[in-house]
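Reviewing the structure listed below.
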Amino acid sequence: QVQLVEFGGGLVQPGGSLRLSCVASGRIFSIDTMGWYRQAPGKERELVARISRGGSTQYVDSTKGRFTISRDNAKDTVDLQMNSLKPEDTAVYYCNADINSGTVGYYTNYWGQGTQVTVSS
């Protein structure tokens, strides 16, 4: 089995910073794209940022210049550094990854359990 576990959520004031981390564990041969999504109350889950195994990144427009995604392929981790946080960034943040567990060319998409980020004064 494969698990994604997130760390680092919490309460922060507007303008503050938080760093989210996610570690994948279990039967892992390789990980393709890793990413972070978020879901605010009453809204659909949306992509925040994602990163390929080679390091190519993609961000939702509202986070460009404020958030930075990075990964460590040796440790099977992906991080999200969030700066200049705004109240509208408040949401549950979910880690996501496409993981190969041994079958050649076959990747399964996994989700973490989510971590709450609240931006409020």
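Counting begins at 1 with the first residue of the sequence.
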For residues 103-115, the salt bridge (charged side-chain N to carboxylate O under 4.0 Å, His left out) pairs (sequence neighbours left out) are none

Students should find that the hydrophobic cluster of Met82, defined by side-chain heavy atoms under 4.5 Å apart, otherwise consists of Val2, Leu4, Val12, Leu18, Leu20, Ile28, Ile31, Met34, Trp36, Val48, Ile51, Tyr59, Phe67, Ile69, Val78, Leu80, Leu85, Tyr93, Ile99, Tyr110, Val117, Val119

Glu44, CD: over 12 other non-hydrogen atoms inside 6.0 angstrom:
no

Pair Thr115-Val92, side chain to side chain contact (heavy atoms under 4.5 Å, CB included): steps then yes or no
CA-CA 5 Å; Thr115 185; Val92 178; 6.0 Å; no

Sub-4.5 Å side-chain heavy-atom contact between Ser120 and Leu11:
yes

Inter- and intrachain pairs under side chain to side chain donor-acceptor pair (under 3.5 Å), touching residues 12-21, at least two apart
Ser17-Asn83, Arg19-Asp79, Arg19-Gln81, Ser21-Asp79

Grab the two heavy atoms, one from Gln116 and one from Thr90, that are nearest each other, plus how far apart they are.
NE2-CG2, 4.0 Å

For Arg53, give me all partners under side chain to side chain contact (heavy atoms under 4.5 Å, CB included), at least two apart in sequence or on another chain.
Arg71, Asn73

State, to 0.1 Å, how close Ala91 and Ala40 come at their nearest heavy-atom pair, and which atoms those are.
CB-N, 3.8 Å

Taking the side chain as C-beta and beyond, is there a heavy-atom pair between Glu6 and Tyr94 under 4.5 Å?
yes

Once side chain to side chain contact (heavy atoms under 4.5 Å, CB included) is applied, do any residues pair with Tyr107, and if so which ones, sequence neighbours excluded?
Ser30, Asp32, Asp98, Asn100

Donor-acceptor pair, distance only, cut-off 3.5 Å: does the side chain of Arg45 make one with the backbone of Arg38?
no

Look at the side chain of Ser52 and the backbone N and O of Gly55, then say whether any donor-acceptor pair between them is shorter than 3.5 Å.
yes

Can you confirm whether Gln3 is buried at CD, in the sense that more than 12 heavy atoms of other residues, nucleotides or ligands lie under 6.0 Å from that atom?
no

Holding to salt bridge (Lys or Arg N to Asp or Glu O under 4.0 Å), I want the full list of residues that pass it with Lys64, two or more places apart in sequence or in another chain.
Asp61

